[in-house]
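One structure below.
Each ligand, and each atom within it, is numbered from 1 in the order the structure gives.
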Amino acid sequence: MLQLITSTMQDDFPLTITSILRHGSTVYGQSECVTWQGDKARHSTYAEVAQNAERLAAALTKLGIGAGERVGTFCWNHQEHLEAYYAVPCMGAVLHTLNIRLPARQVAHIVNHAEDKVVIVDGNLLPALAPAVAELTTVQAYIVIGDGDVSVLGDATVLRYDDLLAAEEPGFVWPELDERSAASMCYTSGTTGDPKGVVYSHRSTFLHALGTLGLSATGASESDRILTFVPMFHVNAWGIPFGALLSGASLHLPGPFMTPGPITDFIAAERSTLASAVPTIWAGILQYGEQSPIDLSSLRMGTSGGAAIPQALLEAFQTKYDLRIVQGWGMTETSPVGGIAHPPADVELGSFEEIGWRMKSGRILAGVQMRIVSDDGTELPWDGAAVGEIEVRGPWITGSYYRAPTPEKFDDGWLRTGDIGTIDERGFFQITDRSKDVIKSGGEWISSVELENLLAGSPDVLEAAVIAIPDDRWTERPLACIVRKPGAGAEAADLAKFLVGLVAAWQVPENWTFVDEVPKTTVGKFDKKVLRARYQSGELKVERTKP
Ligand code: ADP
């Protein structure tokens, strides 16, 4: 008779952020958190960071923060933010990172919706928080990091971070936590709709951090120094603050210094080995490097995600700085990393062919399951050609939104990403558009992402964003919104000609507009909602080329 056996493993051992902190602060206790201060760096070891986290947890407990209660942060990337990243979840409360670039109305909406009880805020961000303060209905106290005019906080209890920590001793006893309990939360940045809350668990955070460390992801180890320009207020800075302590890599945090000059000074001074940023930051570095000498020689790899990176940018970093930038894909709902586009093993690193592979949006990361589905719900083949909506599931993929029933976002347990694309036989996927950005011309799709990428390859183009506009004959046609490089004189007809042969003739836009800058979202993506609104209000001067 068949006898079933059970596992003899300690399967109830919880995968928690506390165990990441314990590991990072002991085994890698001498690895460092390095915060840039504009002209020099502030260094602290992970052992010191852990002690401060213990002090912070003791102080928050005295302030009445209990299990499951939300603590907001309104901060740049720096050591104190890292301390909160660990103190809050490890004490059993929930870290709610707030996007410092959101309009006051949305900040208030998010804080009230999450019911944040305490908000930790940078002194230099008080002016940004001030317009929301009167609307915050649940916040009982603010903890201010550094100097700043606290009068903008009204009558609320105001405490100073340094004073709070100085009054406490290390040694806070972390509670035993259920790995499925809430650890942190982040609201989507609302590129295509209202912000919705995603709540990460200890388990999802732990597994995601592990998942991003393998050689098919960052391959980070103790010998790395990881610089994240990805804000800690957005999707846990791609999980890097957790991956760093798990792997022993030191963590480089740029503070408020997010422009190319200080960024590249930081890299050169502290010899960062890995750097992560959205394409607009990489583009800024490249442009800056054209006028000022920069030293990126310490970087062994860069990662880019959040939006499609133009091929011209990958090529320029490769040829000018011998720097491989690898593209990844993810969303707030996927913790965020769902795939990284490392080329297959038989492709020579640094070769031209390799860049083509790095132009894929990603290769599915172990732990994540992905599929593409047609409009009528049929699962499509992995042949690199069939185009459908990407759906994902896995231990670090959200299964619902916080207090926002949205059954339409899920399909039988799979998250509907709203991204349209292909998957090939080997699990490389390519996003061709967001469903809200697709251009449907005469019943066929035109990929705005592809047109943007090709146009960005023109020597005259600094930025290119393509949106759909209504068309009597074809239903929709592409409108290319172009920012010319300084001094470049290309006209619409020149750019249309540039595209001939690169895409099918019917995909070449005949509608063009030249703008000073493509509007960006709070996390630096092209804001096509704004472009569409400008088009509708007649603000954009559209030139037509001959089809
Ligand atoms: P928001 O939804 O407000 O933009 P997110 O940061 O969660 O905020 O964005 C996730 C989206 O970003 C994805 O659904 C996808 O459309 C886009 N994205 C992320 N990485 C890439 C990439 N490598 N290529 C193309 N699009 C990407």
When you compare ligand 1 with His234, is there at least one nitrogen or oxygen pair between them that comes in under 3.5 angstrom? yes
Mind checking what makes salt bridge (Lys or Arg N to Asp or Glu O under 4.0 Å) contact with Glu353, not counting sequence neighbours? none
Heavy-atom nearest option to atom 7 (O) of ligand 1, drawn from Asp437, Val523, Thr332: Thr332
Which of the atoms of ligand 1 are close to Gly328, meaning less than 4.0 Å from one of its heavy atoms? 20 (N), 22 (C), 23 (N)
Tell me the ring pair (Phe, Tyr, Trp, His ring centres under 6.0 Å) pairs involving residues 412-446, sequence neighbours left out? Trp329-Phe429, Trp357-Phe428
Taking all heavy atoms of Thr16 and all of Glu179, pick out the closest pair and write down the distance. CG2-CA, 4.3 Å
Close N or O approach (Thr188, ligand 1; < 3.5 Å): no
For Gln327, the atoms of ligand 1 under 4.0 Å from one of its heavy atoms are 22 (C), 23 (N), 24 (N)
Heavy-atom distances under 4.0 Å are what count here, so tell me which part of Met331 touches ligand 1: side chain, backbone, both or neither. both
Would Ala307 count as a contact residue for ligand 1, given that I'm defining contact as a non-hydrogen atom of the residue lying under 4.0 Å from a ligand atom? yes
Within 45° of the ring axis of Phe514 and under 6.0 Å from its six-membered ring centre, is that where the NZ or CZ of Arg484 lies? yes
Are Tyr85 and His81 near enough that their ring centres are under 6.0 Å apart? yes
Answer yes or no: are there more than 12 heavy-atom neighbours, outside Asp346 itself, under 6.0 Å from its atom CG? yes
Checking the N or O distance criterion of under 3.5 Å, is ligand 1 in contact with Ile431? no
How about Arg300: does its CZ atom have over 12 heavy atoms from other parts shown lying under 6.0 Å from it? yes
Nearest option to atom 13 (C) of ligand 1, as decided by whichever heavy atom of Thr432, Asp419, Asn453 sits closest: Asp419
